[in-house]
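None of these values were measured; they are calculated from a predicted model. All chains are named by letter (A, B, ...) in the order of the sequence lines, taking the proteins before the strands, and each is independently numbered beginning at 1.
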2 protein chains.
Amino acid sequence: MNFPSPQHDHHNCITQALGAAEEECRRRGARLTDIRRRVLELVWRSHAPIGAYALLQALGKAAPPTVYRALDFLLAHGLIHRIEKLNAYVGCAHPGHDQAGQFLLCRQCGSAAELNDAVIEAAVRDAARRHGFELATLTVEAEGLCPACRGESP
Amino acid sequence: MNFPSPQHDHHNCITQALGAAEEECRRRGARLTDIRRRVLELVWRSHAPIGAYALLQALGKAAPPTVYRALDFLLAHGLIHRIEKLNAYVGCAHPGHDQAGQFLLCRQCGSAAELNDAVIEAAVRDAARRHGFELATLTVEAEGLCPACRGESP
DNA sequence: GGGCTGAATGTTATATTATAACGTCCGGTT
DNA sequence: AACCGGACGTTATAATATAACATTCAGCCC
Ligand SMILES: [Zn+2]
Ligand SMILES: [Zn+2]
Ligand SMILES: [Zn+2]
Ligand SMILES: [Zn+2]
């Protein structure tokens, strides 16, 4: 939920995420198959959203539907999120606990931080209500510079 | 900025929008050429975002780069906005006065309402600041049901 | 275990969205 | 008239995503 620092223990992120995914799938009675797990692992290789065809290439011998089906599964169970601006996918750090999608996206290093800001959500919900609009899903994507990249070239 | 009612005088929307575009281009010293104006007019045929290839077809005899170039121009001068979730484009009702992109998108009829909500912007800006993130651009896309479509099927 | 069934995956083809590269035309300037 | 730069035309191709159908596999009943 915070911005990942460049020297954090990312191996730990991966372990945590895969563990949480196992748990969430068990809880839901969903099957985290080999391909699905491999795709999830690849998504978690970094905190930068990754495109479907990059995943495809990393998988090696697969065809597009394979990776899109895995992505659909992971999206459906809240294990990853799609970043619309980038046509790319990023791991969700707190599956289960979902209201989808508020992201800070770094222009420079590409990494993403997921927010879960009740104030933002409330502000949009309120604006929607004032317009007589029944809100179903909300996407917030902010682009800019992460703390690390800001430090580098000010 | 409000949701367009089904029986509003849309011809007026178009006239207003084209007038404002002329004005804005004059102010900026930009050339609103024939193709660019025609694309803008097509975008304004409804309040539902329209895709590039639908525009292309409506234009008749053009090739993709023609419409994408026109869209790039219109985006650059704030005369239209891109809806990331839909890969589609919608007219901007208040060019010049821009902070880009907060939209309510109706699932049913497809129409879009552009917000300009300072509270939403402030909430995101604040969250960004707390994360040490330097905000450059903000995209907010809310999906749901507009007032008219809500009335129809409850 | 042997077959049944539905979910998951493989495979091929194609749709949809977007851009690269290069040539031509046209309007304004000198 | 010659020049220049921006706008447009044209062709090809890149990048993202899905349709349609065949095959395989896991779990279940017997
Ligand atoms: Zn990490
Ligand atoms: Zn960064
Ligand atoms: Zn209108
Ligand atoms: Zn509607």
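- Rounded to an integer number of Å, the gap from CG of A:L32 to P of D:dA26 is 15 Å.
- Applying the 4.0 Å criterion to OP1 and OP2 of C:dA18, one finds that B:R82 has a side-chain N or O inside that range.
- A donor-acceptor pair shorter than 3.5 Å can be found between the side chains of A:E114 and A:H81.
- Remark: P of D:dG9 and NZ of B:K61 are 6 Å apart, rounded to the nearest angstrom.
- For D:dC8, neither phosphate oxygen OP1 nor OP2 lies less than 4.0 angstrom from any side-chain nitrogen or oxygen of B:T66.
- The aromatic ring of A:Y68 does not sit over the base of D:dT18, since the test of centres under 5.5 Å and planes under 30° is not met.
- A donor-acceptor pair is defined here as one N or O able to donate and one able to accept, closer than 3.5 Å; no such pair exists between the side chain of A:H131 and the backbone of A:A128.
- Here C:dT17 presents its P atom at 11 Å from CG of B:L55, a figure rounded to the nearest Å.
- One atom, CG of A:D34, and another, P of D:dA26, lie 11 Å apart when rounded to the nearest Å.
- The CD1 atom of A:I50 sits 13 Å away from the P atom of D:dA17 (whole-angstrom rounding).
- Heavy-atom nearest nucleotides on DNA chain C were determined for A:A70 and for B:L86, and the one closer to the 5' end corresponds to A:A70.
- The residue A:R31 sits close only to the backbone: its heavy atoms come under 4.0 Å of sugar-phosphate atoms, none of a base.
- B:Y89 comes within 4.0 angstrom of the backbone, heavy atoms only, and of no base.
- We find that CD of A:E84 is positioned 12 Å from P of C:dA18, with the value rounded to whole Å.
- Atom NE2 of B:H77 and atom C1' of D:dA7 are 13 Å apart (whole Å).
- Distance CD/B:E41 to CZ/B:R38: 9.5 Å, rounded to 0.5 Å.
- When each of B:P64 and B:I35 is assigned the nucleotide of DNA chain D bearing its nearest heavy atom, the one mapping closer to the 5' terminus is B:I35.
- Out of D:dC8, C:dT19, D:dA17, the shortest distance to the side chain of A:Y53 is found at D:dA17.
- Here the CD atom belonging to B:E84 is positioned 10.5 Å from the CZ atom belonging to B:F103, to the nearest 0.5 angstrom.
- At whole-Å resolution of the value, CG in A:L71 and P in D:dT16 are 12 Å apart.
- Under the 4.0 Å criterion applied to side-chain N and carboxylate O atoms, A:E121 and A:R125 are assigned as salt-bridge partners.
- Both B:P65 and B:R36 lie close to DNA chain D; mapped to their nearest nucleotides by heavy-atom distance, the more 5′-ward contact belongs to B:R36.
- Within the 4.0 Å cut-off from OP1 or OP2 of C:dG10, not a single side-chain nitrogen or oxygen of A:R69 is found.
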